[in-house]
Enquirer: 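One structure, as structure tokens, below. Some questions next.
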Amino acid sequence: MSLPALAFGLLLGASSLYYLAAILAALLSPAPEKNGFAPPVSVLKPVRGLDPHFYECIRSHAAQDYPEFELLFAVRDPADPAVPEIRKLAAEFPARRIEVFFTDQEFGPNSKINSLERLRRECRCDALLVADSDIRVGPDYLRRVIEPLADPQVGLVTCPYRGVPGGGVASLLEALWISADFQPGVLVARLLGMRFALGATMALTRRRLDEIGGFAPLAPYLADDYLLGKALRERGLEIALSDYTVETMLPPQSWAASWQHRLRWARTLRACRPSGYAGLVVTFAVPLALAALAVDRSLWPMAAVAVALRFAAVLSVGVARLRDPVVARYFWLLPLADLLALAAWLASFSGRKVVWRGEPFRIERDGRLTRV
């Protein structure tokens with residue numbers, strides 16, 4: 001066997017093991033917590049502009065079946081079009097504390113963190129939940145996400161998520177990528193012991209947040225969710241992955257906008273985990289199998305096994321665990337999604353510039369953001 005064939009054989013073997021781990025992680029998903037723990041909660045939402053289905057998303061948070069909570073928003077610009085929608089929500093739920101505040105201090109280029117630090121001064125509850133403005137949830141969301149905090153060893157609770165396409169093939173493929181590529185990696189990380197959080201939902205106590213200096217130390221960085229989880233993990237606390245899956249509402253996207261988003265995610269992950277980032281090559285089973293067969297056709301049994309496990313993992317995670325209708329309906333687009341994911345991974349090594357919320361930045365080697 002030639003050296004290239006041997007290399008591809010090893011990569012296909014590693015890919016098969018990775019997807020076996022993803023299948024196992026999906027099958028071993030934890031049972032829902034039912035301990036009745038339901039302390040008062042401050043739900044913190046940094047907002048900038050109107051995301052797709054904005055009112056539907058924020059209303060789903062106001063309509064929670066939960067004893068006591070408040071819903072606080074922060075925007076950078078008083079003229080932000082989200083402000084009237086938030087005030088409309090407050091009028092619809094007059095018995096609930098729903099307020100909007102304006103970010104008045106910059107701790108770094110991460111505007112989301114600047115807004116969260118502003119809300120930190122206004123929240124009245126000891127339990128805090130940070131939720132992105134573009135996620136939609138059911139009425140049992142808050143209860144199920146908060147319950148794991150009853151364990152004092154749990155420093156933070158986060159949620160897996162699935163994408164809801166906003167229209168167009170690019171948006172559809174991004175939704176498929178979320179469930180087929182990103183979330184299997186999250187479940188494998190839970191199996192090994194999570195060291196990061198997912199920004200769509202992060203629940204923690206005020207005490208734990210104060211111990212790491214609040215949100216402000218995260219403002220120089222783009223990957224605030226990753227670093228928040230990492231900081232708590234370094235204090236010996238656990239990061240719990242909830243059994244609850246939230247939905248993120250994707251916008252109708254052009255191919256250029258979708259590519260910018262993929263590249264930003266890839267370059268952010270590269271900055272967070274530079275030592276292990278190259279190892280993501282084993283997650284591209286379909287392109288690996290095609291390349292291996294081009295080098296040596298005798299590798300077809302290993303290629304077939306890797307691809308079969310890749311598809312089995314997507315069904316286990318995307319359909320069985322996340323109950324994602326996009327995966328169930330557009331499963332046949334998986335090879336194209338894999339090729340796009342590989343292209344973004346390769347392109348991430350070509351520079352450090354990203355576009356976030358329409359603004360250009362450079363991600364430095366330590367993960368800090370610099371405005372371009």
Side-chain angles (χ1 to χ4, degrees), residues 43-64 71-93 98-103 109-116 118-119 129-138 141-142 145 158-179 182-183 197-202 222-225 244-265 268 324 326 354-359 361:
V43 179
L44 314 181
K45 278 190 168 287
V47 174
R48 184 176 177 183
L50 289 175
D51 293 307
H53 304 277
F54 178 75
Y55 192 79
E56 179 186 355
C57 289
I58 62 174
R59 191 186 186 283
S60 72
H61 288 75
Q64 288 296 299
L71 190 52
L72 309 181
F73 298 84
V75 298
R76 187 168 63 175
D77 183 0
D80 193 298
V83 173
E85 297 294 291
I86 296 168
R87 289 176 174 158
K88 174 185 171 184
L89 183 71
E92 184 180 350
F93 293 87
I98 300 175
E99 294 191 53
V100 58
F101 301 91
F102 303 109
T103 306
N110 189 324
S111 58
K112 172 184 175 181
I113 291 299
N114 293 329
S115 291
L116 286 174
R118 174 71 178 90
L119 293 176
L129 185 140
V130 177
D132 284 346
S133 59
D134 60 354
I135 70 165
R136 182 175 64 187
V137 298
Y141 158 74
L142 201 53
V145 172
T158 194
C159 285
Y161 58 91
R162 59 178 181 256
V164 178
V169 178
S171 183
L172 172 63
L173 287 173
E174 183 162 337
L176 187 60
W177 167 79
I178 289 172
S179 291
F182 185 56
Q183 296 303 326
L198 302 176
T201 291
M202 299 183 291
L222 177 56
D224 50 85
D225 48 359
Y244 193 92
T245 300
V246 302
E247 292 182 317
T248 181
M249 311 301 286
L250 302 177
Q253 286 185 322
S254 66
W255 285 101
S258 177
W259 178 254
Q260 284 184 347
H261 181 260
R262 287 173 180 269
L263 200 56
R264 188 189 82 222
W265 178 88
T268 301
D324 189 346
V326 173
V354 298
V355 177
W356 187 33
R357 290 282 188 175
E359 295 185 54
F361 293 92

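On a predicted model such as this, the values are computed, not experimentally measured, just so you know.
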Enquirer: May I ask you to test the Val137-His61 pair for a side-chain heavy-atom distance under 4.5 Å?
Expert: yes
Enquirer: How long is the gap from CD1 on Ile98 to CZ on Phe73, to the nearest 0.5 Å?
Expert: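 One gets 6.5 Å once the value is rounded to the nearest 0.5 Å.
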Enquirer: Any donor-acceptor pair under 3.5 Å linking the side chain of Asn110 with the backbone of Ile113?
Expert: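 Yes, because the side chain of Asn110 sits within donor-acceptor range (under 3.5 Å) of the backbone of Ile113.
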Enquirer: Over all heavy atoms of both residues, which pair between Pro165 and Gly163 is shortest? Give the atoms and the distance, please.
Expert: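 Taking Pro165 first and Gly163 second, the nearest heavy atoms are CD-O, 3.7 Å.
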Enquirer: Going through the checks in order, is the side-chain contact (heavy atoms from CB on, under 4.5 Å) test met by Tyr55 and Leu50?
Expert: CA-CA 9 Å; Tyr55 192 79; Leu50 289 175; over 6 Å; no
Enquirer: Under a 4.5 Å cut-off applied to non-hydrogen side-chain atoms, are Phe101 and Val75 in contact?
Expert: no
Enquirer: Determine whether Leu129 and Thr201 satisfy the following criterion, side-chain contact (heavy atoms from CB on, under 4.5 Å), listing intermediate values before the conclusion.
Expert: CA-CA 7 Å; Leu129 185 140; Thr201 291; 4.2 Å; yes
Enquirer: Between Glu56 and Arg136 (salt bridge meaning N to carboxylate O under 4.0 Å), is one present in this structure?
Expert: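 Yes.
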Enquirer: Working to the nearest 0.5 Å, report the span between CG of Leu44 and NZ of Lys112.
Expert: 11.0 Å
Enquirer: For Ala170 and Gln253, which heavy atoms make the closest approach, and how far apart are they?
Expert: CB-O, 3.7 Å
Enquirer: Should Arg87 and Val100 count as side-chain neighbours, where that means a heavy-atom distance under 4.5 Å?
Expert: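 In contact.
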Enquirer: To the closest 0.5 Å, what do you measure between CD (Glu85) and SG (Cys57)?
Expert: 11.5 Å
Enquirer: Check for a donor-acceptor pair, side chain of Ser171 on one end and backbone N or O of Pro252 on the other, with a separation under 3.5 Å.
Expert: no
Enquirer: With side chains defined as the heavy atoms from C-beta onward, is the minimum distance between Trp259 and His261 less than 4.5 Å?
Expert: no
Enquirer: To the closest 0.5 Å, what do you measure between CD1 (Ile135) and CD1 (Ile58)?
Expert: 12.5 Å
Enquirer: Taking the side chain from Thr268 and the backbone from Arg264, do they hold a donor-acceptor pair closer than 3.5 Å?
Expert: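 Such a contact is found between Thr268 side chain and Arg264 backbone.
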Enquirer: Considering non-hydrogen atoms only, spot the tightest contact between Pro52 and Pro251 and give its length.
Expert: CG-CA, 3.5 Å
Enquirer: Is there side-chain contact between Cys159 and Val145, with at least one heavy-atom pair below 4.5 Å?
Expert: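 When only atoms from C-beta onward are counted, Val145 and Cys159 do touch, with a gap below 4.5 Å.
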Enquirer: For Thr103 and Asn114, which I'm curious about, is there any donor-acceptor pair between the side chains at under 3.5 Å?
Expert: no
Enquirer: Does the pair Arg76/Glu359 count as a salt bridge with the N-to-O cut at 4.0 Å?
Expert: yes
Enquirer: Starting at CG of Leu89, measure out to CD1 of Ile86 and round the result to the nearest 0.5 Å.
Expert: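 So the gap between those two atoms works out to 8.5 Å.
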Enquirer: Under the salt bridge (Lys or Arg N to Asp or Glu O under 4.0 Å) rule, what do Glu174 and Arg262 come out as? Steps first, then yes or no, please.
Expert: CA-CA 8 Å; Glu174 183 162 337; Arg262 287 173 180 269; 5.4 Å; no
Enquirer: Between the side chain of Gln183 and the main-chain N/O of Tyr161, is any donor-acceptor distance below 3.5 Å?
Expert: yes
Enquirer: Is the side chain of Asp225 donor-acceptor paired with the backbone N or O of Gly199 at a distance under 3.5 Å, no angle test?
Expert: yes
Enquirer: Which pair of non-hydrogen atoms, one from Ala82 and one from Gly49, has the smallest distance, and what is that distance?
Expert: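 Looking at all heavy atoms of both residues, the closest pair is CB-O, 3.8 Å.
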Enquirer: Mind telling me whether Phe182 and Trp265 have parallel, tilted or perpendicular rings, with 30° and 60° as the class edges?
Expert: perpendicular
Enquirer: Quick check for you: to the nearest 0.5 Å, what is the distance between Ile178 atom CD1 and Asp324 atom CG?
Expert: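 If we round to the nearest 0.5 Å, Ile178:CD1 and Asp324:CG are 8.5 Å apart.
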Enquirer: Would you say Val130 and Leu116 make side-chain contact, with heavy atoms under 4.5 Å?
Expert: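 Answer yes - side chains close enough.
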Enquirer: Side-chain contact, heavy-atom cut-off 4.5 Å: Leu142 with Tyr244?
Expert: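 No, their side chains stay 4.5 Å or more apart.
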Enquirer: Between the side chain of Arg118 and the main-chain N/O of Phe102, is any donor-acceptor distance below 3.5 Å?
Expert: yes
Enquirer: Taking Arg162's backbone N and O only, do any of them form a donor-acceptor pair with Ser179's side chain (distance below 3.5 Å, no angle check)?
Expert: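 Checked: no pair found.
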Enquirer: Kindly indicate whether the side chain of Thr248, heavy atoms from C-beta on, has any atom under 4.5 Å from the side chain of Val164.
Expert: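 A side-chain contact is absent here, since even the closest heavy-atom pair is not under 4.5 Å.
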Enquirer: Gln64 side chain to Gly138 main-chain N or O, any donor-acceptor pair under 3.5 Å?
Expert: yes
